[in-house]
Amino acid sequence: MSEQNYKAIWQEALTQIEAEYRENGQETEFNLWYNMEYVEDEKETITVSVPSDFMWSQMTERGNVKRVEEKILEISGQSIKIKYILKKTDSSLNKPFESVIASQKSAADAYNNDSSSENTEKTLKKHPQLNEDYTFDSFVSGDNNAFAYNIALAISKNPGVTYNPLLLYGGVGLGKTHLMQAIGNFIWKEKKGDIKICYISTENLMNEFTSAIRDTNPKNKTIEKFKTKYRNLDVLLIDDIQFLEKTERLQEELFYTFESLFNNKKQMVFTCDRPITDIKHIDERLRNRFTRGMSVDMKAPNYETRKAILQKKLSILNKHIPEEIIDYIAKNIQTNVRDLESCLNKMIGYSDLINKDLTIDIAKDLLRDTFSQATTGAITIESIQKVVADHYNISLSDIKSKKRSKQFIVPRQIAIYLARELTEYSFPDLGNEFGGRDHTTAMHSYEKIDEQRKTDSSLNSTIESLIREIKDYKK
């Protein structure tokens, strides 16, 4: 069959699947999980391009690839398999950290190389509110934030069309602000500065609004100017919206600003330290608007990504420290990116100050107190077991016991799943921590809960709630 005929079948299959999603009000889900572009065909296969290995694995696990193949079979009567390649502008998100550092190249750079002349780059002024260091190129993406990275990249390419608004939430130092400003910087460069972008923290927004409503001189028209300024933006980026609590007048104004921007297909991105559903004392209309688009949980980086972050930082600074020190920092700092960079800066500063090569003994001495502070309140197996046991009204010993009734098995499996997700423990380690079980038992528990989360919204909600409790838990 010719390439043109294959392509026609491909397009018809995607069109029919998209229509099914639209009927269920799931257009956003379709755009995300069918993010495949036709490339070519060969015999009984179709090759498509996707943003990353991570996205392909997710589309495969969710059955989206199989669904397209089944739809093609339904339309043409032929069994055609789909294989993939990575888009040239995309980063390799799931390779080892060496490959991440070597190959990660942002779409922003690709755009600049393809469509911007050297003179244009030199004359483009920096956006007054955006940190020009916050780009996709300087953002190290790993398993913990690959989803957020891909969504942010999609928004940058097509602002105001999909995933609007975007809400990035999670703890401090996980890259929320970096990723939000990377969106702004990308769009700013793409439009060569000919666009209205505003980045502001919620605190500064409150101060500006308070000043506006206090100016009662009608000649100044201060509140009108405030409304005009924000309702005529092309891109609005607001940091730390958890501070909107109990600001009734500002919430009301933000609601109308939201409506104006959304209806005019202008992009909005927000960050928060928790899911919007956990913010109390917020107008229900505004809460609903925040959840209208896409909400993404930014999680702490795993060991591999932590090493990649340290390597990337050293590359940017054109500095070098021994590999064993990088490994030492990555193993001991499990909290966030800021703590990682703080340790690295301490190493670099010390090396520059004494003009002497660093050794692992020097690193251990310098970072002893830092590691102690960083691990204070860190998530432990015991804290996970206690939170889960309390939630299900069973004892800590029940979690570790050999009891096989459902009353104990389900909480135990959930606790093992959470321990694997929230700590660096291996399956053999988890087996030991949960009553001396075999590592295959721990692995089975993890895989079972991981699979059930994909289809059981109630279980997924319970786990999200438990994660928040565990993170807040104090021994």
Establish, from distance only, whether the side-chain atoms of [X] and [Y] form a donor-acceptor pair under 3.5 Å.
| X | Y | value |
| --- | --- | --- |
| T271 | D239 | yes |
| T305 | N302 | yes |
| E20 | Q16 | no |
| Y163 | Q267 | no |

- Task: Would you mind telling me which of K266, K191, K196 makes a side-chain hydrogen bond (donor to acceptor under 3.5 Å, both in side chains) with D234?
- Result: K266
- Task: Please test N185 against K189 for side-chain contact (heavy atoms from CB on, under 4.5 Å), starting from the C-alpha separation and ending with a verdict.
- Result: CA-CA 6 Å; N185 278 316; K189 287 185 177 180; 5.5 Å; no
- Go through the steps to decide whether M36 and V68 satisfy the test side-chain contact (heavy atoms from CB on, under 4.5 Å), and finish with yes or no. CA-CA 11 Å; M36 301 175 262; V68 177; 4.1 Å; yes
In Å and rounded to the nearest 0.5 Å, what is the [atom1] to [atom2] distance from [X] to [Y]?
| X | Y | atom1 | atom2 | value |
| --- | --- | --- | --- | --- |
| L314 | I348 | CG | CD1 | 5.0 Å |
| S461 | D456 | OG | CG | 10.0 Å |
| L459 | I449 | CG | CD1 | 5.5 Å |
| I276 | F270 | CD1 | CZ | 9.0 Å |
| I241 | Q251 | CD1 | CD | 10.0 Å |
| N336 | E341 | CG | CD | 9.5 Å |

- Could I get the full list of side-chain contact (heavy atoms from CB on, under 4.5 Å) partners for N288, not counting sequence neighbours?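 Scan of N288 (side-chain contact (heavy atoms from CB on, under 4.5 Å), adjacent residues dropped) gives E284.
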Report, as yes or no, whether the 6.0 Å neighbourhood of atom [atom1] on [X] holds more than 12 heavy atoms from other residues, nucleotides or ligands.
| X | atom1 | value |
| --- | --- | --- |
| K454 | NZ | yes |
| K126 | NZ | yes |
| D194 | CG | no |
| E12 | CD | yes |
| N263 | CG | yes |
| R249 | CZ | no |

- Message: Just to verify, what does F243 make a ring pair (Phe, Tyr, Trp, His ring centres under 6.0 Å) with, not counting sequence neighbours?
- Response: none
Could you label the plane-to-plane angle of the [X] and [Y] rings as parallel, tilted or perpendicular, counting under 30° as parallel and over 60° as perpendicular?
| X | Y | value |
| --- | --- | --- |
| F186 | F136 | perpendicular |
| W10 | Y38 | tilted |
| H127 | W188 | perpendicular |
| Y230 | F226 | tilted |

- Provide the full list of salt bridge (Lys or Arg N to Asp or Glu O under 4.0 Å) pairs with a residue in residues 252-265, sequence neighbours left out, each pair given once.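 Found R231-E253, E259-R289, E259-R292.
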- Indicate yes or no: does K125 engage E132 in a salt bridge with an N to O separation below 4.0 Å.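 Looking at E132 together with K125, the answer is no, because their closest N to O distance does not fall below 4.0 Å.
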- Can F290 and L254 be said to form a side-chain contact (heavy atoms from CB on, under 4.5 Å), step by step? CA-CA 11 Å; F290 282 132; L254 186 56; 4.2 Å; yes
- Item | N145 and L174: CA distance, side-chain angles, deciding distance, side-chain contact (heavy atoms from CB on, under 4.5 Å) verdict | CA-CA 9 Å; N145 54 30; L174 297 181; over 6 Å; no
